[in-house]
Participant: 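After the structure tokens below, expect a handful of questions from me.
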Amino acid sequence: MMAKHPLPGSDRAVARGAKIAGQCDPHETIDVVVTLRRRDEPIFRALVRDMAAGEPAAQPLSRAAFSKRFGASDDDLAKLAAFAAQHGLTMARVDTAACTVVLRGAIAQFQQAFDVTLHQYDYHASGQFRGRTGPVHLPDELRDVVTAVLGLDNRPQARPHFRIRPPFRPAATPPAIALSPLQLGALYRFPAGDGAGQCIGIIELGGGYRPDDLRTYFDGLGVARPTVVPIAIHGGGNQPSGDPGGPDGEVTLDIEIAGALAPGATLAVYFTQNSDAGFLDAVSRAVHDTTHNPSVISISWGGPEDAWTAQSLRAFDTVLQEAAALGVTVCAAAGDNGSGDGAGDGRDHVDFPAASPYALACGGTRVQVAGQPPDQTIALEVVWNDGSGGGASGGGISRAFPVPAWQDGLSVLRGVDGSAPLPGRGVPDVAGDASPMTGYEVLIDGVRTVVGGTSAVAPLWAALIARINVAKGRPAGYVNPKLYRAAGVCNDITQGNNGTFAAAPGWDACTGLGSPDGEKVAAVL
């Protein structure tokens, strides 16, 4: 038998607060996601690099052309198939375009195949999960073929970024108001349109929606009911729990905001399990979906960048690069726990996947509104920060990703230390209303409530992009370089902070370039 070597970046540590509860059942069948290198990797990287630099010649590819040019090679798939057969594993699904294979087998077989030991862990926040410590090992023949092995450990990887309005009002804030998505669309000057012919992909890591809620909600707004298509991936599915404060709140919020502002679009909702394998698999399936062909994807889940392994960060970022190469815009919530991102260690953290340079990271604001519909205007817009109990816009500086080309020369303002050159990828890129005190009216599990969070901002921007795609006649695609090159297309937010970082003229690490002026954004895209 050939020697095995650690897969770089696959080391796992024990989750903080987790304790071993016992051995895993060696006969239990599980699925594991394996990602492979792609053909013509240097050419793919050059294409993505040129797109980030704004090179006009760097144009998106069709999904068919992408698969043919950059999909996994037959030789690499054969090597993985031989390895799987040697250990009694089956290749349950092969996605050549995405360079992804799902292996299926018993836990004992996976432990032997990858030289790992799996335990059940008790986790105070989420019950039990299957986990491991140390690296995954690969044989010589797969050493340069396999780039990530995900799903041996199925600990919860992300949390939803929404907040139901609390029963208290933070001190020194204006009176609370509730706004419909249509009012926000008008306040942000969304261009006319309904997203007809577009597909918005929505990623969900649990929970579900009730069709009766959607019918009642959209009928009440007086808009056409969007076509909503649930897609089950990696053990997920539309499974409403009946708890508006749980994942159902995230799922329904995303659908109701995107659907209200782009009712002509198809909403493909990809349900998966909350693990790094499930999360990555769902986004990859959405990016490479040749049935529904999403032109924009909304992600309202995430977790502190440091909570991801290097291999899962790398694999996920690669999928987002693939989205850019395919002309798919990915909008990701930047988090609801200020500059610390809820990590609880007293340090600054940014939320991933929003921290990827290939995601449009969406931060949060709080609005004051003047006038009455249909003549309302934004009187004042500041950084969303409702204090420790009310949440605040995520944002800060990535430690995993360098400054992208379109953020070169920017500065970041820390409230205490003043302004300094941006040392890494800055988060967020854009923003929108996220305070529960000026939140969105929604209907979840039969309950009418008011919800905020950067979860609301990702589908808000996704709906705007869908409208723009219709007017443009083709997908806007990887919009970050275009937005940063264009001056004044967003409403600049210059007041407030998210903890460590403060708002400033131009880009800042609380609200990015600002909230959308939809007409101006449409003009530059």
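Every heavy atom of this structure was used, including side-chain atoms; hydrogens, water molecules and symmetry mates were not.
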Participant: Taking all non-hydrogen atoms of both residues, which atom of Gln23 and which atom of His119 are closest, and how far apart?
Facilitator: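 Here Gln23 and His119 meet closest at NE2-NE2, 3.2 Å.
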
Participant: Ring-plane angle category for Phe114 and Phe110, please: parallel below 30°, perpendicular beyond 60°, tilted otherwise.
Facilitator: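 The rings of Phe114 and Phe110 lie parallel, inter-plane angle below 30°.
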
Participant: Apply side chain to side chain contact (heavy atoms under 4.5 Å, CB included) to residues Arg163 and Asn337 and explain how you reach the verdict.
Facilitator: CA-CA 11 Å; Arg163 287 180 179 252; Asn337 292 283; 2.9 Å; yes

Participant: Please check this pair: side chain of Thr309 against backbone of Ser312, looking for a donor-acceptor N/O pair closer than 3.5 Å.
Facilitator: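 Flag set: sc Thr309 to bb Ser312 pair under 3.5 Å.
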
Participant: Just how far is it from atom OG of Ser284 to atom NE2 of His234, taken to the nearest 0.5 Å?
Facilitator: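 Result: 12.0 Å between the selected atoms.
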
Participant: With rounding to the nearest 0.5 angstrom, report the CG to CG distance, Asn480 to Leu483.
Facilitator: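 Answer for the CG-CG pair, Asn480 versus Leu483, is 6.5 Å.
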
Participant: Has the side chain of Asp508 got a donor or acceptor atom that lies under 3.5 Å from a matching backbone atom of Ala504?
Facilitator: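 Here the side-chain-to-backbone pair exists.
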
Participant: Would you please test Tyr358 and Phe401 for side chain to side chain contact (heavy atoms under 4.5 Å, CB included) and show each step?
Facilitator: CA-CA 11 Å; Tyr358 299 96; Phe401 300 100; over 6 Å; no

Participant: Do Asn491 side-chain atoms and Pro516 backbone N/O form a donor-acceptor pair below 3.5 Å?
Facilitator: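 Yes: the side chain of Asn491 pairs with the backbone of Pro516.
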
Participant: Yes or no on salt bridge (charged side-chain N to carboxylate O under 4.0 Å, His left out) for Asp517 and Arg189, after CA distance, side-chain angles and deciding distance?
Facilitator: CA-CA 6 Å; Asp517 183 323; Arg189 296 199 331 130; 2.8 Å; yes

Participant: Of the options Glu250, Glu204, His161, Gln157, which is the one that meets Trp301 in a side-chain hydrogen bond (donor to acceptor under 3.5 Å, both in side chains)?
Facilitator: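 Single pass found, and it is Glu204.
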
Participant: Is there side-chain contact between Arg285 and Thr272, with at least one heavy-atom pair below 4.5 Å?
Facilitator: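 Side chain of Arg285 against side chain of Thr272, heavy atoms only: no contact under 4.5 Å found.
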
Participant: Report yes if some heavy atom in the side chain of Leu443 is under 4.5 Å from a heavy atom in the side chain of Thr252; otherwise report no.
Facilitator: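 The answer is no, as the side chains (C-beta and beyond) never meet within the 4.5 Å cut-off.
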
Participant: Testing the basics here: between Phe501 and Gly396, what is the closest heavy-atom pair and its distance to 0.1 Å?
Facilitator: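 Heavy atoms of Phe501 and Gly396 come nearest at CE1-CA, 3.5 Å.
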
Participant: Please determine, by modelled atom types, if Ser10 and Gln311 share a side-chain donor-acceptor pair under 3.5 angstrom.
Facilitator: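 There is no such pair between these side chains.
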
Participant: Using a 3.5 Å distance criterion without hydrogens, assess whether the side chain of Arg159 forms a donor-acceptor pair with backbone atoms of Gly303.
Facilitator: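 Absent.
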
Participant: Between Tyr121 and Arg155, is any pair of side-chain heavy atoms under 4.5 Å apart?
Facilitator: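 No; the side chains remain at least 4.5 Å from each other.
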
Participant: Is Asp492 reaching over with its side chain to a backbone N or O of Gly506, donor-acceptor style, under 3.5 angstrom?
Facilitator: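 Flag set: sc Asp492 to bb Gly506 pair under 3.5 Å.
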
Participant: Donor-acceptor pair, Thr329 side chain versus Gly477 backbone, under 3.5 Å?
Facilitator: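 Judged by distance alone, yes, a pair lies under 3.5 Å.
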
Participant: Please examine the side chains of Ile493 and Ser515, heavy atoms only from C-beta on, and report whether any two atoms are closer than 4.5 Å.
Facilitator: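 Heavy-atom side-chain distance check passes, below 4.5 Å.
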
Participant: If you round to the nearest 0.5 Å, how far is CD1 of Ile444 from CG of Asp248?
Facilitator: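 It is 8.0 Å, given to the nearest 0.5 Å.
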
Participant: If we ignore hydrogens and angles and just use 3.5 Å, is the side chain of Glu305 paired with the main-chain N or O of Arg399 as donor and acceptor?
Facilitator: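 Present.
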
Participant: Once rounded to the nearest 0.5 Å, what's the spacing between atom CG of Leu184 and atom CG of Leu261?
Facilitator: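 Rounded to the nearest 0.5 Å, the CG-CG separation comes to 7.5 Å.
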
Participant: Tell me if a side-chain donor or acceptor on Ser180 pairs with a main-chain N or O of Gln183 at a distance below 3.5 Å.
Facilitator: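 Judged by distance alone, yes, a pair lies under 3.5 Å.
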
Participant: To the closest 0.5 Å, what do you measure between SG (Cys99) and NE2 (His288)?
Facilitator: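 Taking SG in Cys99 and NE2 in His288, the distance rounds to 7.5 Å.
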
Participant: Evaluate the side-chain proximity of Val287 to Leu326: yes if any heavy-atom separation is below 4.5 Å, no if none is.
Facilitator: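 With C-beta onward as the side chain, the pair touches.
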
Participant: Hey, could you give me the CD/CD distance between Glu381 and Gln495, rounded to the nearest 0.5 Å?
Facilitator: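 The CD atom of Glu381 sits 11.0 Å away from the CD atom of Gln495.
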
Participant: Decide yes or no for Asp289 and Ile231: does some side-chain heavy atom of the first lie under 4.5 Å from some side-chain heavy atom of the second?
Facilitator: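 With C-beta onward as the side chain, the pair touches.
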
Participant: Could you check whether any side-chain heavy atom of Thr318 comes within less than 4.5 Å of a side-chain heavy atom of Thr35, counting everything from C-beta outward?
Facilitator: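 No, every pair of side-chain atoms sits at 4.5 Å or beyond.
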
Participant: Quick one: closest heavy-atom pair of Ser300 and Pro459, and the distance?
Facilitator: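 Of all heavy-atom pairs spanning Ser300 and Pro459, the closest is OG-CD, 3.9 Å.
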
Participant: Evaluate the criterion side chain to side chain contact (heavy atoms under 4.5 Å, CB included) for residue pair Trp384 and Asp336; output intermediate values, then yes/no.
Facilitator: CA-CA 9 Å; Trp384 168 39; Asp336 295 352; 3.5 Å; yes

Participant: Can you classify the ring geometry of Trp308 versus Phe279 as parallel (below 30°), tilted (30 to 60°) or perpendicular (above 60°)?
Facilitator: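 Trp308 and Phe279: tilted rings.
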
Participant: In sequence, state the C-alpha distance, the side-chain angles, and the governing distance for Val283 and Ile203, and then conclude on side chain to side chain contact (heavy atoms under 4.5 Å, CB included).
Facilitator: CA-CA 7 Å; Val283 177; Ile203 308 299; 4.0 Å; yes

Participant: Can a donor-acceptor pair be found between the side chains of Asn498 and Ser393 at a distance below 3.5 Å?
Facilitator: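 No - no donor-acceptor pair under 3.5 Å links their side chains.
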
Participant: Side-chain donor-acceptor pair under 3.5 Å between Thr100 and Asp95, yes or no?
Facilitator: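 Side-chain D/A pair, Thr100 to Asp95: absent.
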
Participant: Given side chains that start at C-beta, do those of Arg425 and Val350 come closer than 4.5 Å, heavy atoms only?
Facilitator: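 A side-chain contact under 4.5 Å is absent here.
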
Participant: Any sub-3.5 Å donor-acceptor pair from Tyr217's side-chain atoms to Glu441's backbone N or O?
Facilitator: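 Yes, the answer is positive, given that a donor and an acceptor are paired below the 3.5 Å cut-off.
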
Participant: Quick check against the 3.5 Å criterion: does Arg366 have a side-chain atom that pairs as donor or acceptor with the backbone of Gln368?
Facilitator: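 Not confirmed, Arg366 side chain does not pair with Gln368 backbone.
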
Participant: For residues Gln111 and Leu118, report the shortest heavy-atom separation together with the two atoms involved.
Facilitator: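 That would be OE1-N, 2.8 Å.
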
Participant: Which atom pair, heavy atoms only, marks the closest approach of Thr500 to Ser339?
Facilitator: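 Result for this residue pair: N-OG, 3.0 Å.
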
Participant: Should the pair Trp406 and Tyr484 be assigned to parallel (<30°), tilted (30 to 60°) or perpendicular (>60°) ring geometry?
Facilitator: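 The arrangement is tilted - the two ring planes meet at 30° to 60°.
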
Participant: Taking all atoms of both residues into account, what is the closest heavy-atom pair of Asp433 and Tyr188, and its distance?
Facilitator: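 Looking at all heavy atoms of both residues, the closest pair is N-OH, 3.0 Å.
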
